[in-house]
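To keep things clear, I will list the structure first and then write my remarks on it.
A note on names: the letters A, B, ... follow the listed sequences, proteins ahead of strands, and every chain is numbered from 1.
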Amino acid sequence: MSATATIYLLTAAAVFGIGVYGLLQARQILRQLLAINLMGGATFLLLITLGGGADGPPDPVPQAMVLTGIVIAVSATAFALALLVKLQDATGSSDLDPPDAE
Amino acid sequence: MTTDSATTPPSQRIPTPSGRARLLWGVQCAVILGVIWLALTGVDALILGAITVIAGGTAGAWAVPGMPYPWRPLRLFRFAGFFLWSSISGGFDVAWRALHPRLAIDPRWIRYRLELPAGQPRTLMVSILSLLPGTLSADLEPDNVLLVHALMGSDPDAVRADVAQLEREIAWFFSLPEPSGDGR
Amino acid sequence: MIALAMDAIIAIGLVWLALRTVRGANVFSAIIMFIVFGLIMSLAWARLHAPDLALAEAAIGAGITGALLLVTWRRLQVLEGSVPQVGAETRSLWLTLPTGLAAALLIAGLGWVALSLPAEPATAGELAWQRLPEMGVSNPVTGVLLGFRAYDTLLEMGVLLAAWLGAQVVASEHRPGALPGPAHEEVPLVGALLSLVVPISLLVAVYLLQAGGSAPGGAFQGGAVLAAGGVLLCLTGRLEAADQASLIERVVLILGLAVFSGVGLVMLPLGEPMLAMPGVWAIYLIETALLLSIALTLVLLFAAAPGLRRRL
Amino acid sequence: MPSEFLIGLIFLPLLGACLAVLPWRWSIRLGVFGGLASLPALLAALTLAVIRDGAWYYTLGGWTAPLGIRLFVDPLALLMLWMVAIIGGVAAAHAWHDFRPGTPAGARFWPLWLLLTAAMNALFLSADLFNLYVCLELVTLAAIPLIAMAGTATAIRAAMRYLLLALLASLVYLLGVALLYNATGTLDLYLMTDGLAASGGPATSLAFALIAAGLLLKGAVFPLHVWLPNAHASAPGPVSAVLSALVVKTAIYLIYRIWLWTLPAEDPMQGAVELFAVLGAAALIYGGILALLQERLKLVIAYSTVAQLGYLLLVLPLASVTAWQAASYQLLSHGLAKAAMFLAAANILHAVGSDRLADLERLDQRTPLSLFALALAGVSIMGLPPSGGFLAKWLLLEAAWREGRWLLLAALVLGSLLAAAYVFRILAAGLRREDPTEAEDAEGTSPIGRRQAAYALLLAVLALVAGFGAAPILDIVDAGIPAGWSAP
Amino acid sequence: MNLQEVVATALLLSGCFFYIAGTVGLLRFPDVFSRLHALTKADNLGLFLVCGGLALQQGSPRIAGLLLVIWLLGLLAATVSCHLIARRALQMTDPEQRP
Amino acid sequence: MMDWLLPLTGIVLLLNLILGMLRVYRGPTAADRMLAALLFGSTTVAVLLVFAEWMDVPALRDVALLFVMLAAIISVAFVGLPESDEGNP
Amino acid sequence: MTFGWQALPLYVVLISVVTAMLIFALGEGRQHVRTALNLGGAILKLVLIMLMLLAIQSGASFEFRMPLLPGLDLVLHADRLTMLFATLSALLWLITTVYAIGYLEQSPNRARFFGFFSLCVAATMGVASAGNLFTFFIFYELLTLATWPLVVHRGTPEAVAAGRLYLAYTLIGGVLLLIGLIWLHALAGGSDFIVGGSLAPLAAGNETTLRAIFVLFMLGFGVKAALLPLHSWLPRAMVAPAPVSALLHAVAVVKAGAFGLVRLVQDVFGFDLATSLGLTDLLAGLAATTVIYGSVLALRQSDLKRRLAFSTVSQVSYIALGVATGGVLATIGGLVHLVHQGLTKITLFFCAGNYAEGLGVHSVEELDGLGQRMPVTSVCFTLGAFGMIGIPPLAGFVTKWYLGAGAAASGAPWIIAVLVASTLLNAAYFLPLVHRLWFRPLPDAMAKRELAITGGRMQALVGPTIVVAAMALLAGLFAGTPGSPLFWVIRMVGGEP
């Protein structure tokens with residue numbers, strides 16, 4: 001395994017972990033969505049790095065998978081944001097558990 | 001809903017572009033697109049390029065910002081030279097100031113009343129002004145007053161002279177009557 | 001060595017930005033951090049020899065998602081009105097500590113496992129390279145997307161359609177806070193930007209579609225670029241949300257799915273399996289349909305509206 | 001040609017969804033009928049083919065795996081597909097009234113519904129890990145707007161929570177898939193086994209742990225069930241039915257697929273089945289208790305789903321023919337019964353205007369048929385004879401007894417007692433009357449109400465009849481028993 | 001090392017210099033508007049020089065054209081963004097303190 | 001030819017990016033953060049162009065083109081933001 | 001799986017199911033159609049059972065078998081024990097239906113009531129004709145399900161509470177049964193009922209297991225049979241309408257439990273095996289305790305129906321007692337009590353229902369002098385009470401006689417003591433009632449109260465009462481005649497009478 005791949009693997013691991021942390025610890029949905037998108041990025045990075053992107057001819061299969069994944073992620077995010085606006089409109093709060101609940 | 005629409009006087013509103021304006025801009029657009037296409041693909045896919053350029057031109061005509069002004073192609077070169085030179089000197093100027101140990105700046109606001117008509121000339125004015133040494137167009141206030149942020153505002157008149165210089169160049173480029181350069 | 005240093009800088013940047021996204025001072029700052037994360041991510045893709053992804057990341061990650069996040073944040077603020085945000089932005093310490101710990105453990109575990117991975121030959125990837133000539137395209141990613149794994153791509157169009165349908169449901173009883181208003185037409189530069197960027201986005205979209213056969217690019221990147229032009233039109237108020245999608249919009253929305261399925265089905269009576277491509281022309285036909293559908297879907301998702309209406 | 005039927009199962013609903021997007025009434029109708037009504041016929045043909053030839057693969061695009069994507073149909077897949085066709089079909093018929101084509105709600109509803117159907121069919125047939133990811137996302141993204149269609153604040157909030165957790169789950173799953181691709185060089189579920197046996201190591205263990213975590217979250221297995229009750233309870237009736245009966249099952253189905261088909265028998269991750277069982281048992285009891293504590297009908301039913309999913313996981317360590325039959329039968333009968341309950345609950349909610357248990361007195365007069373359907377379905381949920389649920393529970397008990405798993409046995413018994421408690425609590429609420437001498441209500445049931453109730457009743461009766469039709473069904477299912485389990 | 005290479009090297013290095021100068025300005029300047037100056041002007045010059053250097057190194061007129069297009073578009077984006085952000089920053093400041 | 005030139009340019013530009021992160025971090029106003037994002041945009045374009053040359057992946061120039069094309073979109077989106085308390089750090 | 005005439009037991013079960021479904025489908029209105037359905041179903045069923053009875057007499061056998069699960073069949077067959085129980089419940093169903101039609105006139109939810117009533121009988125028929133334990137269990141649980149709506153029929157808080165208690169007991173009993181069944185299934189496979197016991201070959205080495213299984217079954221059946229610690233649901237269930245009480249006590253539920261105990265001892269374990277494992281002693285002890293305990297408690301009840309309920313607790317245990325004592329005579333006594341107790345107790349409940357409906361009488365004190373106001377009912381009540389006490393030549397006496405003789409023959413004199421004590425107690429709680437009816441003056445208030453049952457309703461209520469009372473009387477009077485229950489039981493137990 002090349003050093004480049006190692007670096008990016010560790011990066012992916014770290015970003016994924018940070019994303020999980022952010023998701024669990026964030027209160028606002030917008031932040032949680034950001035965290036999820038970070039995790040998505042990390043997953044994609046891992047997929048490509050593991051696919052041997054750094055040495056030899058790049059493996060096109062993970063690239064195609066990530067491309068699909070990116071499009072799915074953006075659709076899901078866009079829908080989530082629309083839903084978020086609706087949530088704010090319907091409940092007056094953009095948190096899942098309003099502060100007074102705690 | 002935003003404050004802008006409430007405060008913007010009607011004089012600044014852009015009238016619905018005429019058919020001629022659309023055509024003119026569409027053609028200009030198509031030329032630009034053609035150049036870009038060639039830069040992107042070379043000469044490999046000319047037919048698709050032609051179709052795309054026509055489609056892009058149509059889209060440009062649809063999205064036309066306002067009345068385009070006629071300009072003379074030959075004057076482009078001189079104008080480009082002016083533009084290049086002023087942006088390079090603007091870069092040097094700001095780099096020097098940023099790296100100066102004592103930060104050689106003295107920010108100040110300056111108002112300058114434009115005489116250029118709305119549309120392309122004024123657009124060009126507002127955008128290029130930000131690339132000139134020491135000036136930055138911050139807002140276009142009612143009555144065509146341009147709010148300029150000057151990095152070296154200790155000598156307002158020098159700044160005004162720079163702005164006026166640009167205004168003159170643009171007027172010349174579009175074959176407009178020379179502005180007074182007074183800005184008040 | 002110097003290449004490694006570059007990778008290290010990119011990696012540090014990514015991790016730091018991720019951290020700042022999560023721990024950002026306020027939501028806005030977190031969004032900006034995330035947008036920048038996307039920028040650096042495309043550098044990482046570049047370094048990993050994945051220019052297709054760099055293109056997609058540039059168009060989708062940095063362009064559309066960023067704008068979408070900012071605009072949503074703005075809509076939320078408008079809806080919130082003058083009511084100040086109540087409560088802390090993040091959870092209390094007793095929750096933060098264990099989650100932090102869990103995340104750290106996850107990172108360590110993932111990292112350890114990733115490092116201990118053997119360098120396996122990628123069977124499917126090798127096969128893809130070997131059999132690429134049968135496809136008639138020379139960009140392996142396009143080959144995988146529209147040939148070997150075309151079925152994924154087809155279902156992915158379903159995902160896009162579902163997302164639009166979802167936005168339609170959500171928008172049905174609620175007009176989302178209007179987009180940054182038509183006021184911007186009066187800002188001279190925006191009009192100019194628009195009149196240039198929209199045609200160029202069209203051009204670049206077609207270019208990417210055309211290039212996709214042999215070089216990085218393809219329907220997704222092209223569609224995203226075209227969508228970016230549409231997003232700009234929405235942002236500047238040239239297009240505004242409509243209650244209903246017009247017939248043309250509906251047709252374009254399902255075009256990708258329908259054409260893809262149709263072409264896939266065409267070969268069935270001839271004894272070929274489902275989704276066998278009749279030829280390279282079919283790939284381009286499908287890609288064109290996909291591009292249009294993707295672009296329109298993304299724009300509609302951005303507007304969070306069932307349909308769009310022209311203004312001006 | 002059975003392969004065409006296979007294709008039709010996915011593509012007819014998909015193209016139906018495309019048609020239903022178009023604005024005309026006829027296009028929506030055509031899409032719905034073409035996409036849903038055709039499924040049973042296709043399935044019947046497919047079932048015959050499977051009985052004759054056994055399980056088989058279909059290679060999409062002619063690109064053989066591991067390069068391309070395969071579809072795989074076997075009795076387990078068939079069972080799930082039948083459930084989609086029947087439960088989805090009846091729920092669609094129930095939804096027809098509220099979401100009539102030509103109305104704005106109908107125009108929004110049907111494309112999503114068809115997409116959901118297509119996605120589930122695709123998921124049950126797919127043999128490719130990444131393709132399954134796409135399917136899972138499609139299922140989620142089609143299901144959540146359907147929840148949001150209820151339009152209430154609770155529904156929106158529930159949809160949001162579901163969406164966030166579902167996205168998280170897919171990503172965790174995808175991370176596992178990435179590791180597996182690296183380890184084996186293939187994404188095919190069934191080709192992967194050899195590679196896994198060869199490579200092993202911490203990476204694949206972590207990969208399967210991640211996949212399991214993602215699927216458990218999507219499948220709302222205790223303690224990852226938090227999103228489910230509100231999401232299922234606040235959705236429109238037919239949607240709740242399909243969510244509880246089918247959509248959560250997709251994740252459980254994948255757990256079965258991966259653990260029983262993909263994972264080599266000697267892999268250390270096989271030990272995870274014990275964890276699944278513990279979670280299943282905990283779900284059974286926790287879900288049961290919470291269902292008992294709810295004050296709203298639909299929430300009771302939703303928590304009941306949390307509990308009932310536990311049975312499906314309990315099966316995993318029992319590894320025997322009986323356990324396999326139990327799992328199949330639980331899948332089937334819970335699906336039918338739970339869908340019936342949600343449809344009935346929707347009718348009750350519609351008629352009474354509230355689904356608080358406190359408001360449900362004299363249901364036997366206000367919505368007699370729906371209450372009856374609720375009761376019949378409840379019999380199956382409780383696992384009392386004569387019903388499909390009883391047979392499933394019997395098989396489970398038998399399997400647990402044979403293996404000497406006393407704790408699981410105890411959990412099963414406790415779980416079914418809790419189920420009886422909450423089901424009868426609902427029924428008692430429905431039969432309650434403050435004044436026993438009160439004369440009969442004048443308000444009759446409208447023809448529409450009666451038809452809606454009939455759909456619920458149909459499914460409930462099917463769940464009951466399943467108690468008598470086990471022999472032929474199990475004959476087919478037995479042919480698809482996973483390799484490691486076939487030893488008596 | 002021929003002249004073309006020398007010039008290309010010089011251009012690239014000076015491009016880097018201007019980028020760094022712009023960033024230094026961004027960090028050192030006291031307020032938003034001053035920072036805008038630094039960013040717009042220095043970065044544009046930097047991009048121009050880098051593009052020029054690369055074009056020289058490549059030597060292909062098509063790529064040179066592409067680089068020119070990129071630079072011009074970057075210019076457009078920079079000035080528009082600069083103007084918009086300045087406007088925005090102005091709007092956000094207290095109306096009392098507006099210049 | 002000069003093997004060191006392009007990587008060096010790349011690394012200097014990347015360091016420039018790291019430097020710029022400080023401004024995003026510090027703020028203090030939303031406009032400042034936006035500004036820094038712009039810096040990232042323009043620097044990334046330069047890095048991509050250098051990479052395209054250095055790694056011999058011409059497609060990266062297309063990526064750079066996309067970036068410059070789309071950079072303004074974020075700004076336009078930003079300007080549409082409301083005027084309430086976004087400036088607080 | 002054959003659907004020819006051998007499947008007659010299935011059709012007997014299905015008749016009631018179909019009747020129930022038709023009644024449900026019919027809805028609340030159209031009372032006459034419902035009545036026709038009810039009676040038609042009941043009569044048809046009775047006819048079929050009679051046919052079966054005749055056919056069995058001439059040596060025919062009936063069996064319906066359908067595989068439910070691999071290795072587990074749903075088996076419905078008809079042996080003599082089946083016919084005993086089936087005839088009893090079919091006959092009483094018909095009579096109770098007539099009574100219920102009168103009783104529930106004008107009250108709400110009759111469709112539901114009669115629907116579940118029919119289902120209940122269907123389940124009872126299934127219990128009676130179950131050919132193996134698995135089938136038995138299915139119908140046994142179905143019986144629980146079908147009776148619950150009847151218990152909570154009135155929907156009042158008390159009714160709902162009683163229903164909850166009923167479920168708590170019966171469902172837990174069902175679970176015990178289920179566990180025992182699974183255990184047995186794992187041990188022996190799905191074995192059918194074989195007269196004399198199916199488990200004897202397995203006994204060696206499995207004694208403890210078999211004991212445990214027996215206890216599980218005993219508790220499972222004991223819940224419905226209201227054996228001692230498990231009886232308290234029964235008195236509480238008295239809130240239900242009188243026909244339901246009749247059903248619970250005489251026709252279906254309690255009898256199903258007792259019937260299960262009979263099957264358990266006789267056909268599953270076999271008496272010899274059960275005795276050798278010491279299990280019959282256990283059962284006999286429990287039954288004897290229940291007999292005494294139920295009677296003692298009955299003595300203390302002032303509510304008429306509750307007193308009758310505790311009397312049931314006591315009397316039903318005679319059946320278990322008889323079967324557990326073993327020997328031909330005691331078994332005859334136990335089995336025949338299945339019928340005799342049914343006839344007698346249903347008479348008493350009908351009468352109690354008549355008192356409650358006619359004059360609103362619920363408690364024992366209010367019975368004073370009612371012999372004048374409601375003479376026919378009171379005569380029937382008296383007959384029933386005497387039958388319960390065991391005054392010759394009434395049915396109860398026959399039972400006790402055989403039980404006592406059997407106990408003596410089996411060398412268990414303590415059982416005779418129990419019988420004597422029980423009889424004394426029976427007399428102690430029934431004779432005061434009879435005394436009140438006939439020899440106490442009628443209070444003025446009661447004399448002025450208007451009789452609520454008149455006309456057709458009168459016929460529907462009093463008619464069945466007379467019929468069951470007469471049957472209880474005749475069953476005792478003509479105990480030895482061919483066709484009588486005793487005759488049938490003797491043939492069953494001893495081969496030929």
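The contact between D:L431 and chain G is made by backbone and side chain atoms together, counting heavy-atom distances below 4.5 Å. Within the 4.5 angstrom heavy-atom criterion, no atom of D:E361 approaches chain G. Only the side chain of D:F390 comes within less than 4.5 Å of a heavy atom of chain G; its backbone N, CA, C and O stay farther away. Heavy atoms closer than 4.5 Å to chain D are found in both the backbone and the side chain of G:W183. Contact of D:I473 with chain G is not made at all, since no heavy-atom distance falls under 4.5 Å. For D:R432, the parts lying under 4.5 angstrom from a heavy atom of chain G are both the backbone and the side chain.
The CG atom of D:L371 sits 8.0 Å away from the CZ atom of G:R112 when rounded to the nearest 0.5 Å. Atoms CG and CG, on D:L397 and G:L181 in that order, are 10.0 Å from each other to the nearest 0.5 Å. Atom CH2 of D:W394 sits about 5.5 Å away from atom CG of G:L72, to the nearest 0.5 Å. Going from atom NZ of D:K393 over to atom CD1 of G:I182 covers 12.0 Å, rounded to the nearest 0.5 Å. Taken from CG in G:L74 to CZ in D:F468, the straight-line distance is 6.5 Å, to the nearest 0.5 Å. Distance check: G:F24 CZ to D:L457 CG gives 10.5 Å after rounding to the nearest 0.5 Å.
Counting heavy-atom pairs closer than 4.5 Å to chain D, the top residue among G:V160, G:V175, G:L167 is G:L167. The most heavy-atom pairs under 4.5 Å with chain G, out of D:D475, D:L474, D:L391, come from D:L391. Interface check for chain G: of the options D:L369, D:V413, D:L409, D:T322, the most heavy-atom pairs under 4.5 Å are formed by D:V413. Comparing D:G469, D:A428, D:A471 by how many heavy-atom pairs each has under 4.5 Å with chain G, the most go to D:A428.
Atom CZ of G:R449 is surrounded by more than 12 heavy atoms from other residues, nucleotides or ligands within 6.0 Å. Counting heavy atoms of neighbouring residues, nucleotides and ligands inside a 6.0 Å radius, atom CG of D:L407 does not exceed 12 of them.
Under the side-chain contact (heavy atoms from CB on, under 4.5 Å) test applied with D:L384, the options G:T144, G:L142, G:L145, G:I138 reduce to a single match, G:L145.
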Begin from the C-alpha positions of D:Y329 and G:L69 and carry the test side chain to side chain contact (heavy atoms under 4.5 Å, CB included) through to its verdict.
-> CA-CA 11 Å; D:Y329 230 67; G:L69 283 175; over 6 Å; no
